Structures are given as C-alpha cells and as structure tokens.
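These numbers were taken from a predicted model, which means no experiment stands behind them. Read the numbers this way: they start at 1 and go in the same order the structure lists the ligands and their atoms.
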Amino acid sequence: MAMDEIVDGLSEVSCDVLVIGGGTAGPMAALKAKAKNPKANVVLLEKANVKRSGAISMGMDGLNNAVIPGYATPEQYTKEITIANDGIVDQKAVYKYAQSCYSIIEELDSFGIRFLKNENGDYAVKKVHHIGTYVLPMPNGETVKKALYRQLRRARILISNRYMATRLLKSSDGRIAGAVSVNTRTAEILVIKAKAVILCMGAAGRLGLPTSGYMFGTYENAANSGDGYAMAYHAGAALANLECFQINPLIKDYNGPACAYVAGPFGAYTANNEDRRFIECDYWSGQMMLEFYNELLSGKGPVFLQLKHLHDKTIEEIEQTLHKVERPTRGLFQEGRGVDYRKESIEMHISEIGFCSGHSASGVFVDDNARTTVPGLYAAGDMASVPHNYMLGAFTNGSFAGLDAMEFADNHDFGEIDAAEIALERERVLAPTRREDGIPPNQIEYKTRRLVNDYLQPPKVTRKYELGMRRLAEVREDMQERMIARNAHELLRALEVQSIMDCADMAAHASLFREESRWGLYHWRTDFPEKDNENWFCHTLLSQQDGRMTSEKRAVQPYVVPIADDEKDLYDKQRIRASA
Ligand SMILES: Cc1cc2nc3c(=O)[nH]c(=O)nc-3n(C[C@H](O)[C@H](O)[C@H](O)COP(=O)(O)OP(=O)(O)OC[C@H]3O[C@@H](n4cnc5c(N)ncnc54)[C@H](O)[C@@H]3O)c2cc1C
C-alpha cells in the first residue's frame, strides 16, 4: 500500500468519557476522569501522537502563572488577571484555578517534573507580571511530556493516536453523544460514542500567516488549527470574546518567545533601538503589545530583548534554559545567525493573530467546572475561555473538566445518535477525496491566511473587515466546491483548512460586533478608538443560531475579589514616561 493511501472504512467504539486532544489539558483531564471512576472507560483521542503532541511537545521553560503560598494569594492573582484582561473576567473560574493550582504543581512534582527550588527547598518563584510574583522556572522542563505519558500508561487510559476529530455528535435532547474522527494515515472513519466529551484541542494557531510566510512557522504548535473552536461552534456551543486576539512579541524570523519570562527575572528587558526601556512590564497583555506596536511605528524600532548588560555567568545561566528546555532550536537559530547575547540584543517582532485563552481570552465559553453551554460537553486549556491560563491553567482546568465529566457520565446513559448525521459527516469529510481535479488544501490555506493578515490583523478597520469577509466567502466557495485531497495526509490538511476558515469567519464576526476598543492591540478598532465601559463592559458570546453566526452580550458576573477604582487601569499604564 502506498503511503497515506485512502482506505474505505468505518468503525464505532464507545466509552464513558472521551477526551479530544492529548497535549496538556487532555492528559490531565483523562487522568482525573479515570481516577474518579477507575472502572469507567476513558479514551484520549489525538491527531498526532500523545508522546510528543501539543504546545509542550518539546518541554516548557516554566510555569507562567503559579500561585504559590508565601509568594502570592489566590485573591492577588485573581485581581492581577482581572486587570490584565481589562476587567472582562468571570472571576469565579480564575479564583478556583488560583486556589487549586498549587496542588496540581505538587502533583506534577510527584510525576517527576522538576521546578526551580532555592537552598531551603522552597519553590523559587520570580516576578514578571505587573503586580504579583507568579513565574516558576522549570530547569528540567524538557521532561514534562515523558512524565505525563508514564502516568497515562499507568492509569490504563485508552490512547488513540493519529485520529483527528472532525465533528461532535448530539442526541435529539441536545446532550452530547460522541464525536466523529478520521484516521490521518488511512482516512478511515471512527465514530466514538461517549456520555461526556472534553475538548482540549489547544489554540487556533494557524489563523494568521507568520511574517516569514511559512504556513507552519507559527508561534503555536502548528497542529492546533482551531479544530476545537470550529467543532464547538458547529455543535451549538457558545464561544467567548473571540475578538480578543492572541498576538505575541517574538524573536524575528524564529517566531518563538525571546523569552522575557525566563530572562526578565535575571535583569533582561525589552528595549528599543536606542537601548532604552519603553514598557514597565514584560508580561504579555494587549496593552503591552500596543506599546510594542507603537514603538515599532515611531521609528524607534526594531524592538529587542536586551541581555548584553548582564554578567557573563548570568547570560550562561539564561542560555541553559533558553537553548535547552522548551525550544532547543532557539540556540541553533541564534548560533546560525551569529547572535551572541553578550554583544547583541535579540531582535523581536509581532506575531500572527490567533485565538487562545492561554495568553489572552478567546475561547469556548466555560464556567468554573469547565462546562460549556452544551450539556455533557466540556472544554479546557487554550481553547476554553478562562483567560491567561497558560500551561498550569491547562492542567488545572483540565483536572476540573475530567472530574466533572466523569460525574456527568456516571449519571447519564449514552445519548442516541442519528445514523443519518454520521453518514452526512462522512460525506462532508471525504468530499475532497471524491473529486478528480481541483485545488490542493495548501493553496486554499495559504490564500485564507494571507487574507486574514491583509484584512483582520489589528488595527481593525470596519471597511477592511467587510471586504475581508467578502474575500473569505469567495475562498470558502472554492474550498467547498473545488478542494481536492489525493491521500489521507492531504485530507487531514483539507479538514484543517475548513477549521481555519471557520475561525477566520468567527474572528471577523466577533470583531465587528464589539463596537469599542479594548485589550490594547488585541481589539483596537480605529472606528471606535475608545474603551466604552458603559456599553461594552461585558463578554461577547458567539454561537450558531438557526444556522447563522450570531453574537450577543453577556454580563460579567459579580466579582469575587473587588478591584479598587484606582487599580482598574494599571495595565493601561505600560509606557515608561520620560523623566526630567
Ligand atoms: C511557544 C510556546 C511557549 C510557551 N511557553 C510557556 C511557558 O513557558 N510557560 C507556560 O506556562 N505556558 C507556556 N505556553 C502556553 C502553554 O504551553 C499552553 O497554554 C498549554 O500547553 C495549552 O495546553 P492545551 O492542552 O490547551 O493545548 P496543547 O497542549 O497544544 O494540546 C492540544 C492538542 O490537541 C491536538 N489536536 C488539535 N486538533 C485536534 C483534533 N482535531 N483531533 C484530535 N486532536 C487534536 C493537538 O495535536 C495537541 O496535541 C507556551 C506556548 C507556546 C506555543
């Protein structure tokens, strides 16, 4: 058989809890679900291979948001994230995370994932955020995936690698009933019936095109093509604040973090071409990105991460992490460029846009138990709406999802599935394989993402958005009528581009709905340049209603931790004022 040759096949399995996405949140959700009911069947479905999948595939440099007793309190953290996210936060979920994440750190530690400790054996937490201290370095963070995998094997989680989920299935009472997936190497269809489903499919990281032009040179793990966002949408779940884009400051051309979270605590900082600091704080927020953008436009760019003022030994220590743990290619890249941090600063630029709650706030709407608006359907990690939750948030909220989903499964029987729905989905999935001639998925994808850059990248201009939506609709027609897939691998790409297109439509729709500017560069609308708390201090929820994309306002739930008036705009004051 030729590689990736298309095989005709359809099989069905069932389980109590189905977890889709085996990156970060997924493995933890599966472990917790199984621990809650060891007799139950838990399936972990992954498009790639759980051993090396997701944003943490190579490792991680540290925990960006650890709330560790003695350094920070859940109240402080909740306050910080509320302010960093311009107040649009349901604090209950953030607060619950903040209260629970320490026990998850201890659990990860018991898995063999090591965190930086001081001479007394206490966690050595560093300050990067504007107000509090939450960054915990992981000098041997390259082991994180291996340690997780060991736990999955030990718990006898049923792992299905190389299956890409395409659509969720619901029963007639609106409850979740399972999912359809396709083997990425044979194109065989696998239907999984489940009493509860947890979505952990990561960010929508292939929405914008990196300035390098490389389709897979994204900041995010490139397998995260927004399938989770698209599937939730088609299942009728609500998605929150999609106009709050993810945009990050990255190493130019390398398109990965520079990374100020690692180097900042040692004294490195973001500087302009005059070697001057221009922002107070290197923590990634929309307001910080706006100052970054303004600096680039002011003629004081490029912007750099500056280390050259540091002691040689300090730089060596930083390199130990930066070049070995999370992105081993980072050292190779700098070496290839001949950049020595002792002499030269690291040139940075602005990333492509994406959806990600891990770094901003755009995700499938969930409550503090990771429940979506569809009964029995859960979401956690970068694709769920708990803001700024990063890796530890994926683990912690993944654990909430696993526990609650198993409880749901214990109390419900399987929802019935309409065979006609499966047949329809099978035809939709395989449609590009049925054509003799047409446009390959990579061309559709390149065009879609180029249009995303041309029209949707902030600053957001209404006229551009309207034009962009028309152009995207034209490409959608090509995608639906003329796209071909000649083997199973191309079929995977053809399915991914459909998710990317859905995400582009949602990004445009959500952005046009919110008629104000908020979250700095993430949602800067030139036609509505001011923040408008009177009309827009609310979430926006996007969902499919009567077959149409619809947006509505949703009130921010009363705060658990009050924010004083003079604290509310602390993150707006990022720019360093010139002193006389
Ligand atoms: C470059 C980079 C650096 C980072 N650095 C840090 C850091 O230092 N500290 C920190 O705290 N956080 C960091 N983060 C953030 C952190 O890694 C993420 O917030 C976290 O890993 C997200 O977990 P997740 O489970 O939501 O997604 P992921 O871990 O990305 O997992 C998603 C999984 O879903 C799978 N998948 C996608 N679509 C499908 C489908 N259709 N069917 C089946 N499977 C599918 C993917 O293959 C993937 O395995 C970083 C992120 C990036 C990208």
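Closest protein heavy atom to atom 26 (O) of ligand 1: Asp382 N, 2.7 Å. Nearest protein heavy-atom neighbour of atom 8 (O) of ligand 1: Glu326 OE1, 3.1 Å. At the top of the distance list for atom 25 (O) of ligand 1, counting protein heavy atoms only, stands Ala25 N, 2.8 Å. Scanning the protein heavy atoms around atom 35 (C) of ligand 1, the nearest turns out to be Glu46 OE1, 3.4 Å. Of all protein heavy atoms, the one lying nearest to atom 42 (N) of ligand 1 is Ala165 N, 3.0 Å. Nearest non-hydrogen protein atom to atom 27 (O) of ligand 1 is Gly202 CA, 3.4 Å. Scanning all protein heavy atoms for the shortest distance to atom 45 (C) of ligand 1 gives Lys47 CB, 3.6 Å. The nearest heavy-atom contact from the protein to atom 29 (O) of ligand 1 is Thr24 OG1, 2.6 Å.
With contacts defined as side-chain heavy-atom distances shorter than 4.5 Å, the pair Met215/Asn442 qualifies.
Ion pairing between Lys193 and Glu12 holds under the 4.0 Å rule for side-chain N and carboxylate O. With respect to Asp109 and Arg114, a salt bridge is recorded, a charged nitrogen being found less than 4.0 Å from a carboxylate O.
Scanning Gly26, Cys200, Ser160, Ser53 for the heavy atom closest to atom 33 (C) of ligand 1 points to Cys200. For atom 14 (N) of ligand 1, the nearest non-hydrogen atom from the set Met60, Met391, Arg330 belongs to Met60. Closest to atom 50 (C) of ligand 1 by heavy atom, among Tyr390, Tyr219, Phe395, Tyr134, is Tyr219.
Here the side chain of Lys47 pairs a donor or acceptor atom with the backbone of Ala223 at under 3.5 angstrom. Between the side chain of Thr372 and the main chain of Ala237, no donor-acceptor pair closer than 3.5 Å is present.
Set against the non-hydrogen atoms of Ile56, the atoms of ligand 1 under 4.0 Å away are 17 (O), 21 (O). For ligand 1, the atoms lying closer than 4.0 Å to a non-hydrogen atom of Met164 are 41 (N), 42 (N). Within ligand 1, the atoms closer than 4.0 Å to a non-hydrogen atom of Ala55 are 17 (O), 21 (O), 28 (P), 29 (O), 30 (O), numbered from 1 in the order shown. Below 4.0 Å from some heavy atom of Tyr163 lie the following atoms of ligand 1, by number and element: 42 (N), 43 (C). In the vicinity of Gly381, heavy-atom distances shorter than 4.0 Å reach the ligand 1 atoms 26 (O). Atoms of ligand 1 found under 4.0 Å from any heavy atom of Gly62, numbered from 1 in the order shown, are 7 (C), 8 (O), 9 (N), 10 (C), 11 (O).
For the residue pair Arg428/Gln498, the side-chain donor-acceptor check at 3.5 Å is satisfied.
No more than 12 heavy atoms of other residues, nucleotides or ligands lie within 6.0 Å of CD in Glu335, so this atom counts as exposed by the packing criterion.
With sequence neighbours left out, Phe245 forms a ring-ring contact (aromatic ring centres under 6.0 Å, His included) with no residue at all. The side-chain contact (heavy atoms from CB on, under 4.5 Å) search around Val339 returns Gln334, Arg337, Tyr341, Glu344, not counting sequence neighbours.
Distance check, rounded to the nearest 0.5 Å: CD1 of Ile350 to CD1 of Ile247 gives 7.0 Å.
Note: Tyr390 and His359 have perpendicular aromatic rings, judged against thresholds of 30 and 60 degrees for the angle between ring planes. Between Tyr571 and Tyr283, the ring-plane angle classifies as perpendicular under the 30° and 60° cut-offs.
For the side chain to side chain donor-acceptor pair (under 3.5 Å) criterion with Glu352, the lone passing option out of Thr218, Asn248, Asn255 is Asn255.
Distances between N or O atoms of Glu220 and those of ligand 1 include no value under 3.5 Å. For a threshold of 3.5 Å applied to N or O pairs, the pair formed by Asp227 and ligand 1 contains at least one separation below that value. At least one N/O-N/O distance between Asn224 and ligand 1 falls below 3.5 Å. Close N/O approach between Pro257 and ligand 1 is not found [any backbone or side-chain N/O within under 3.5 Å].
Cation-pi geometry between Lys127 and Tyr134 is not met: the NZ or CZ atom fails to fall both under 6.0 Å from the ring centre and inside 45° of the normal.
Of the heavy atoms in Met231, none comes closer than 4.0 Å to ligand 1.
Ligand 1 has at least one atom lying under 4.0 Å from a heavy atom of Arg327.
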